[in-house]
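All chains are named by letter (A, B, ...) in the order of the sequence lines, taking the proteins before the strands, and each is independently numbered beginning at 1. No experiment lies behind these values; they were computed from the predicted model shown. These numbers come from the heavy atoms of this one structure, side chains and all, not from hydrogens, waters or symmetry mates.
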Amino acid sequence: MFKLIENEVLKIVLKKKLILIFSILLVLITLFAYGENYTYKNTISRFSKATGQTQNYDWRLLVKQQIIDLKTRLNSPYIQESSKNSVNIQIEQLEYYINNDINPITPGAAKFTVKFMEQAVFMFLPLLIIILAGDSISGEFSTKTIKILLTRAVPRWKVLLSKYIALLILSIIVILETAFISIVVSGIMFQHFGWNEPIATGFKAVAGKLDASNVVKVFQWQYIILIYALGCFVANTIATISFMVSVLVRNTSTSIGIMMAALIGGSFLQFFLADWPLVKYFFVTNINLPQYLTGSYQPISGMNLVFSSLVLGSWSIVALIISFWVFNKQDILV
Amino acid sequence: MYKKVIWIVLLVLGVISSVVFIAGFIISLFIASPSRIVSNTKIEINSKPSSTTKSATYNILIMGDSLAKATGDEKGLGFTNDFVNLEKLKTTKNIKVDNIAVNGDKSIDLLQILDNKASWQAIENSEIIFISIGGNEIKQFESSDITMTAVSDIENKYIDNLKNTYKLIRSKNKTCTIIFIGLYNPFGKDLTPDKLKLLNTWNYNTQEAISDDTSSVFIPTYDLFKYSLQKYLSVDNFHPNSAGYEAISKRVAEALKNY
C-alpha cells in the first residue's frame, strides 16, 4: 500500500506538474508583489506631494491621530460594549506599530502572504489543484496504462485509495509551495517581514450584523497558518471532487473542463445567493473560507465557517463514496 | 535514489504540514464559531477617564464635530490651543482637556452623546465648554438641487437641537462658559451667492439662538477664512489645517483674554 502511494506520488511529480505549478505561482506572485510595491510607492509620493512634505513624511503623526480618534470613540457613550474589544485591538495594533517603529502603510511579506491566499482561494488555488487532480484516473485511461495498473495483484480499491492519498499529499505540497513562494518573493520585494505584527480576527455575523465581541488578537505568523489551513481544506475538497470527476469521465480534457465550468459557473451563482437558498449548499459558494476570519467580511445570513466546512466536508465524502463505488463496479474496456 | 529522496521529502513535508494545518483548521473553527468563550482573549477594557473633582483641575470640555476633533490639523492641537496656553499663565491648577467630539456628527448626534451619565459628569466638572457643530448639516446645502423648504427644515431642527443642547448643559452646570465656534465657508468662490447667504443666515441664527445664554459667546470664523482659504484649509479642502486652527485659536484666546 505504502509502495503504491509512493508510486503514485512519483508519477505525478515526474510529470513535472509541481514544476509547472511552481512556475505559474512564481510568475503571478512576482507580478502581484511588484504591483503592491508600486502602489505603495505611488501612494507615498502622492501623500508627500499633497501635504507639501518633500520627503520622509511622518506617518507617526497620522497613526497617533488615529489612536486619539479611537480612544475618543472608546470614551464616547455612543459606543456599544460589544465593539469595545475590536476598538481596543485596533488601538493596540496601532500602538504596536508606533512602539516598534513599524510603518503600517508599508507592505510586509507576512501581510502579503495572507492577502495572496485570501484572494487565491476562490479561483486560482482550485485551478492549480485541478491541474494536479484532473487527470489522476482519466489520464490512465487516456494513455491506456489503466490495464497495467489493474492487472497487478492488488484490489481495485487499494489502487484508487493510493491515488487519492497521493493527491492529498500533493495538494498539501501545493499549499506549501504557495506559502513559500509568497514569503520569499515578497520578502525580497518589500525587505520587511512583520511576523509579529498583531492582527485582529474573530469577527462574526449575528442576525445579519457584524459582531465584534469575540475578536481575538493573533500574530501575523499565526494568522498565516490559520488562513493556509483553511486554504488547505479547500484544496483537499477541490481535489476530492475533481478526483471523482476524473473517475467518472474517461477523458482528461473533459474532466478538467467540467471542473472549470463548475468553478466559474459557481462563482456566478453567488449573485443569486440571496434569492435562492439552495445555492448555499453548492461547494463553490462555500470555498471562500478565509473570509470568515477577516474583518472585512460581509455577512450572509445562515453561513459561517462551521456551515461552510460541513458543506465542503459532505461534498468530499459523497464524492469519495461515488468514486470508489463507480471504480469498483466499472467495466474497464480498453 | 533520486526518486526515493523526493518521495521521502514530500512525505515528511506532507505529514508535518497536514498536522499543522489540521490544528490551524480546528483553531479557525474555534475562532469563528458562535459559542466561543472570550476568556482567553488578552483584552483590557480602558477605564473611563477618571472623574476628577472640580477643585483639583481646571477642566475644559470640547464637544461637537470634526472641527472640535482637530481633524486636518497636522499638529493635532485644535482650536483651543492658544486659549489653553493663556489659561496656563493664569491658573495654578492643572489644565485638563476632555474631547468628546466625534467626526461627522450633526447637532442631533451631539445631543445623543450628551444624553449620558458620563457626559453629564464631564459637563458638571467643566469650567469652559467649547462647541463646534452644524458644519455637517450645512455641507448638504452645497448640492445645487436642495429646495428652500428642505433648507429651512434642516435649519429649524438644528436650532432646536442647539437650544436643547444648551438647556442640557445648563441643567448640569449653571456657571460654566460656553464658547461656540461659528461656521466658515470652505468652498470659496464655488459657493453661489444664494448659498453664501444661507451660510450667513445660519451663523446669524445660531448666534441669536445662543444669545439667550448670558455666559456664552459666539466666535465668528467666516471672516478669518474668507481671504485665506488657500493657507488655512487642509488637504481635504474642507477642514482647517494647523494654520487655520491656529487662527481660530488666536481669536478664541483674544475673546477670552480678560476672562
Audit row: B/Thr80, B/Ile128, side chain to side chain contact (heavy atoms under 4.5 Å, CB included) steps and yes/no | CA-CA 11 Å; B/Thr80 51; B/Ile128 291 191; over 6 Å; no
Run the ring-centre check on B/Phe83 versus B/Phe130 and record whether the distance is less than 6.0 Å.
-> yes
Trace of the side chain to side chain contact (heavy atoms under 4.5 Å, CB included) decision for B/Cys176 with B/Ile169 | CA-CA 9 Å; B/Cys176 70; B/Ile169 293 175; 4.2 Å; yes
Does any N or O in the side chain of B/Asp73 come within less than 3.5 Å of the main-chain N or O of B/Gly78, such that one atom is a donor and the other an acceptor?
-> yes
Pick one of side chain, backbone, both or neither for B/Asn241, based on which atoms fall under 4.5 Å of a heavy atom in chain A.
-> neither
B/Ala23 portion near chain A, given a 4.5 angstrom heavy-atom threshold | neither
Taking [options] one by one, which has the highest count of heavy-atom pairs under 4.5 Å against chain B?
options	answer
A/Leu170, A/Leu289, A/Ile5	A/Ile5
A/Leu18, A/Ile169, A/Leu10	A/Leu10
A/Leu14, A/Ile172, A/Val13	A/Ile172

Taking side chain as everything from C-beta outward and backbone as N, CA, C, O, which of these in [X] sits under 4.5 Å from a heavy atom of chain B? Side chain, backbone, both or neither.
X	answer
A/Tyr228	both
A/Leu168	neither
A/Leu176	side chain

Return yes if a side-chain donor-acceptor contact under 3.5 Å exists between A/Thr240 and A/Tyr164, otherwise no.
-> yes
Assess the side chains of B/Asp65 and B/Ser132: does a donor N or O sit below 3.5 Å from an acceptor N or O?
-> yes
In sequence, state the C-alpha distance, the side-chain angles, and the governing distance for B/Glu124 and B/Lys172, and then conclude on salt bridge (charged side-chain N to carboxylate O under 4.0 Å, His left out).
-> CA-CA 6 Å; B/Glu124 277 166 30; B/Lys172 302 295 163 206; 5.4 Å; no
Pair count under 4.5 Å, heavy atoms only, with chain A: among B/Gly14, B/Ser234, B/Ser17, highest is B/Ser17
